[in-house]
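No hydrogens, no waters, no symmetry mates; every other heavy atom, side chains included, goes into these values.
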Amino acid sequence: MSYLNVEEAAQNGGRGQEMILKPDELCPCQSKLMLKYCCLPDKPPLIEREQGYSSISMNSDLVDENGNKVIPFFGMKTNITMRKFQQLSAPILELFNTVPVEICCDNIHLKNLDDSLHACQYHKRQFLYRLRLLRNEELLLYRPVNGNVEIEMDDMPLRYEFEAYVSRLRVSLDVLAKFISSVIREKSIKTNGLLLKFLDKPQNQKKFFELHQIYKENEEWIKKLRNMRDAIQHDGFLPDFKSFSYDRGDASNPNVNGVSAYYVCFQYWKYLLNLIKAVLDSLFKLQHDS
């Protein structure tokens, strides 16, 4: 089996014919884990490490802002949300652990963004698992006919997972926009598109200069992502996604407009995390200056 390193693919614009990713290399998603323990699992993420809790024992007290114990009134309950550690993504945890308390305290949109990013990570891993499975097993058994012919194998679950991943990435931009609106107290911002229009207004370009520059620097990939999501939403599928194909006996990997789909997965994930980090830093400065 031949592999192509993700960084090598980046130098070639994500274009290439060979299969990807050595399982023992560090994962490009910035988790600092090896691929086989992160985005390229050897088991479907759907059932991977589904461990239940054997027992939970917990005592909790309610306290006020001064740390004094509060006696709850009759019928009042303390709600606690627990999440399985195996289902949490290290890059996402690291990203939100650095958020200053001034802009994150009980912000529901930030919690929603955390959830949306974990959904992105899940669909990305499902897609890459399916891609690895098809390349390693099914394609080795498939032999196209000889001659001057091109054959495309449309694996529907593979395409569905990629479309779900793209859709979730776009949703994350909308949730990020709502978080920004809550921090700068601009209730009219409900989506990423409305945020961009708001930042493009002359008076806002000056007031939110750094935030405006951040989105201008990310304008190209955000536009491409929007176009892909719109195609999925309005046409029911992503027509630019091409599955495995064979041309005169040579197999090529799934791609989007000629760019390897796995490269799109990792590159857009990196774009999104870097955007969020830059936005959080900018919002903290705004809060601090005000």
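Closest non-hydrogen pair, Ile214 versus Ser282, comes out as CD1-CB, 3.8 Å. Annotation for Leu238 and Glu163: closest pair N-OE2, 2.8 Å, computed over non-hydrogen atoms. Nearest approach of Phe162 to Phe241, heavy atoms of both residues: CD2-CD1, 3.7 Å. Leu199 and Phe208 get closest at one heavy-atom pair: CD2-CB, 4.0 Å. When all heavy atoms of Leu176 and Leu113 are compared, the pair lying nearest together is CD1-CD2, 3.9 Å.
In terms of hydrophobic clustering, with Ile, Leu, Val, Met, Phe, Trp and Tyr side chains grouped at heavy-atom distances under 4.5 Å, Tyr160 and Leu128 are assigned to different clusters.
Side-chain contact between Asn227 and Asp240 is absent, with no heavy atoms from C-beta onward closer than 4.5 Å. Within the 4.5 Å cutoff, the side chain of Cys120 has heavy atoms near those of the Ser172 side chain. Between Lys216 and Asp200, the closest side-chain pair of non-hydrogen atoms falls below 4.5 Å. For the pair Leu195/Ser181, no side-chain contact is recorded, criterion being any heavy-atom separation below 4.5 Å from C-beta on.
Looking at Arg229 and Gln233, their side chains do bring a donor and an acceptor atom within 3.5 Å of each other. Residues Gln267 and Lys270 bring no donor and acceptor atom of their side chains to less than 3.5 Å of each other.
Between the side chain of Arg130 and the main chain of Glu161, no donor-acceptor pair closer than 3.5 Å is present. Side-chain atoms of Ser116 do not come within 3.5 Å of backbone N or O of Asn112 as any donor-acceptor pair. The main-chain N or O of Phe198 is found under 3.5 Å from a side-chain atom of Asn204 such that the two form a donor-acceptor pair. Judged by distance alone, the side chain of Ser260 and the main-chain N or O of Tyr263 form no donor-acceptor pair under 3.5 Å.
Taking a cutoff of 4.0 Å between a charged side-chain nitrogen and a carboxylate oxygen, Asp174 and Arg170 qualify as a salt bridge.
Aromatic ring centres of Tyr165 and Phe127: separated by at least 6.0 Å.
Within 6.0 Å of atom CD in Gln203, more than 12 heavy atoms from other residues, nucleotides or ligands are found, so the atom counts as buried in its surroundings.
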